Asks: 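Below is a structure I'd like to ask you about.
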Amino acid sequence: MLRNILFYIKEAFLSAKKNMVVSLATIISLTAALIIVGIFLIISFNIDNFIADIESQLIAVAYLKDNLSEEVIKKLVQETSELPGVKEVHYISKEDALQKLKEDLKEHEEILAGIPGNPLPSSLEVTVTDTKYLAEIALQLGQYSEIEEVNYGGELTKNLILVFDFVRKTGLAIILVLLFIAILIMFSVIKISVHSRQQEIEIMALVGATSWFIRWPFIIEGFLKGLLSSLMAIFILGRAYLYYVEQAKMIIPFLPISLEQEFIIKIDIILVLLGIFIGVFGSMLSLRKISYEEL
Amino acid sequence: MIRMFHVFKTFPNKIHALWDINIHIKKGDFVFLVGPTGAGKTTFLKLIYRGILPTKGQVIVDGVNLSRLKPSLIPYLRREIGVVFQDFKLLYDRNVFENVAFSLRVVGAKNAIIKKEVNEILNIIGLSHKKNTNPHLLSGGEQQKLCIARAIVSHPLILLTDEPTGNLDPETSWEIMKLLFKINVWGTTVVVASHDKLMVDKAQKRVIRLEQGEVVSDTKKGIYSQ
Ligand SMILES: Nc1ncnc2c1ncn2[C@@H]1O[C@H](COP(=O)(O)OP(=O)(O)OP(=O)(O)O)[C@@H](O)[C@H]1O
Ligand SMILES: [Mg+2]
């Protein structure tokens, strides 16, 4: 087995060397494609983060009338949680609300000193599974007689999310197109490689090599080219990303851009897997059938 | 070892390369296949190693009906058949040793075994001193020998050679013929397609004569033509 693997790798290098220029061209174009995919991944991941951040803050708040009995409140919570699109309903009592306000005000509690009793209403904080339900839920909540008033995240945030969503989807479409092109490149390059080694392939078939034995060197060639391209793409992207994020953060310090290790590793893994997939899949495509027939 | 029953081969361009061939070549036989150019000799050999399938009829090699042989099993048939091609089919991007070793690498033989077997064969063939040479630096006769070395290094049951003495001087040709006799004596069934009247007559072996795709004669200890 090991013997065979060594043979495959040797043949793969022989093949790559034989088509030096084509090999280089493939690696460069594959690297370029992966860099673009990487850029879109970075943008898309950051948007995801950002949207998740905003969305978690988008809730509908229903202020309740005073003096509702515990049963009524319980029933209200029960009913509202069953509305379509509702993820969770959280009851905030008057006391909770006051406590929270005090915390928010911190060192300025004297503001509250002059106010008698507890002027804050109790409320229901409704989180949603998707922001698109917000308006509809707010409308329905407003129809309860026990509810005084409903507030929910503004139109602006909603529009912002729509724009980001659009960017993300476009990014995904571009990634898919790039992927397709990259596979096509790999396919034709391995085809050239197969063609230039037609004689070896023919002789292998004639002296009794199985079709998989013939395929492996080419698959390894595709694998190595894909791996190398992805490593180059990661290196270039990593450098550029760090540089630009630093620049950007200097201008806008609170920019919601992730620099977490976890995030970078995730992108790296995706790019490596993608590179290898393109390389191997492209090779497989151009070697679907090994011919044992002579003409 | 090799049987053909009513074998016809018609190429897509409507050329009838072989016409109703019935032949039996026994294990250990040495057979010449002669006939003018275009008679169908190469086609005959291709049928045996399943390079092509007959249009009609049955080809049976070592008990296997090739028309029913699954494509995935073709490699295993070919490991039992050494072929010396009319156009050599050598690999010019590697040296003599590696060309011979190729047949063994392809079946996943151990390095130590490859080394031993290849060196042994190169000794027999008389190419030991050139094992690091690139084949395109070899003479025609040496390339021919190299092809034979590659064909027999895996000890096949059958050796098919297509014009092994084409374009060679009579002395070298006879040297190669003697090599083939030797291989035959070791137990390999040998089929030699040849134009070489001189060699065929000198060899005194079975001769099958093809003309326009048909067997016109099949004689023991035959000569090239009557
Ligand atoms: N792949 C092919 N397609 C079409 N016709 C073919 C093909 N291969 C061979 N032929 C034809 O079949 C006939 C027999 O060819 P073959 O190569 O078997 O002859 P041969 O006896 O080996 O000749 P030579 O002595 O010149 O090598 C010829 O007329 C040839 O043109
Ligand atoms: Mg011929």
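Keep in mind that this is a model prediction, so the values were computed, not measured.
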Asks: Between B:Arg94 and chain A, which part of the residue has a heavy atom less than 4.5 Å away: side chain, backbone, both or neither?
Replies: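 For B:Arg94, the side chain is the part near chain A, not the backbone.
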Asks: When rounded to the nearest 0.5 angstrom, what distance separates CZ in B:Arg105 from CZ in A:Phe213?
Replies: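 If I round to the nearest 0.5 Å, the distance is 9.0 Å.
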Asks: Go through B:Leu91, B:Val83, B:Leu53 and name the one with the most non-hydrogen pairs under 4.5 angstrom from chain A.
Replies: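 Ranked by heavy-atom pairs under 4.5 Å with chain A, first place is B:Leu91.
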Asks: Quick one: side chain to side chain contact (heavy atoms under 4.5 Å, CB included) partners of A:Lys266, sequence neighbours excluded?
Replies: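 In terms of side chain to side chain contact (heavy atoms under 4.5 Å, CB included), with neighbours along the sequence ignored, A:Lys266 is linked to A:Phe45.
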Asks: With a 4.5 angstrom heavy-atom cut-off, which part of B:Ala109 approaches chain A: side chain, backbone, both or neither?
Replies: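 Only the backbone of B:Ala109 comes within 4.5 Å of chain A.
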Asks: More than 12 foreign heavy atoms under 6.0 Å from NE2 of A:His195: is that the case here?
Replies: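 No.
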Asks: What part of B:Leu90 gets within 4.5 angstrom of chain A, counting heavy atoms only: side chain, backbone, both, or neither?
Replies: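 Backbone only.
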Asks: As an exercise, state the distance from OH of B:Tyr92 to CD of A:Glu200, rounded to the nearest 0.5 Å.
Replies: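 Here the rounded value is 12.0 Å.
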Asks: Let me know if A:Tyr292 has heavy atoms under 4.5 Å from chain B in its side chain, its backbone, both or neither.
Replies: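 The answer is both parts of A:Tyr292.
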Asks: Minimum heavy-atom separation for A:Gln199 to B:Lys89, with atom names?
Replies: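 Scanning both residues, the minimum pair turns out to be NE2-CA, 4.0 Å.
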Asks: Shorter than 4.5 Å, heavy atoms on both sides: which option in B:Leu104, B:Asn111, B:Asp93, B:Val107 has the most such pairs with chain A?
Replies: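 Of the candidates given, the most pairs with chain A belong to B:Asp93.
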Asks: With rounding to the nearest 0.5 Å, note down the distance linking CZ in B:Phe102 to CG in A:Leu206.
Replies: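 So the gap between those two atoms works out to 10.5 Å.
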Asks: Can you tell which of B:Pro12, B:Gly108, B:Ser103 has the highest number of heavy-atom pairs within less than 4.5 Å of chain A?
Replies: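 Maximum pair count with chain A is reached by B:Gly108.
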Asks: Please list, in residue-number order, every residue in residues 70-82 of chain B that has a heavy atom less than 4.5 Å from any heavy atom of chain A; write 'none' if there are none.
Replies: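 Under the 4.5 Å heavy-atom cut-off, B:Ile74, B:Pro75, B:Tyr76, B:Arg78, B:Arg79 qualify.
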Asks: Can you confirm whether B:Phe181 is buried at CZ, in the sense that more than 12 heavy atoms of other residues, nucleotides or ligands lie under 6.0 Å from that atom?
Replies: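 Yes, enclosed.
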Asks: Would you indicate whether A:Met232, at its atom CE, is surrounded by more than 12 heavy atoms from other residues, nucleotides or ligands within a distance under 6.0 Å?
Replies: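 Yes, the 6.0 Å shell around CE holds more than 12 heavy atoms from other groups.
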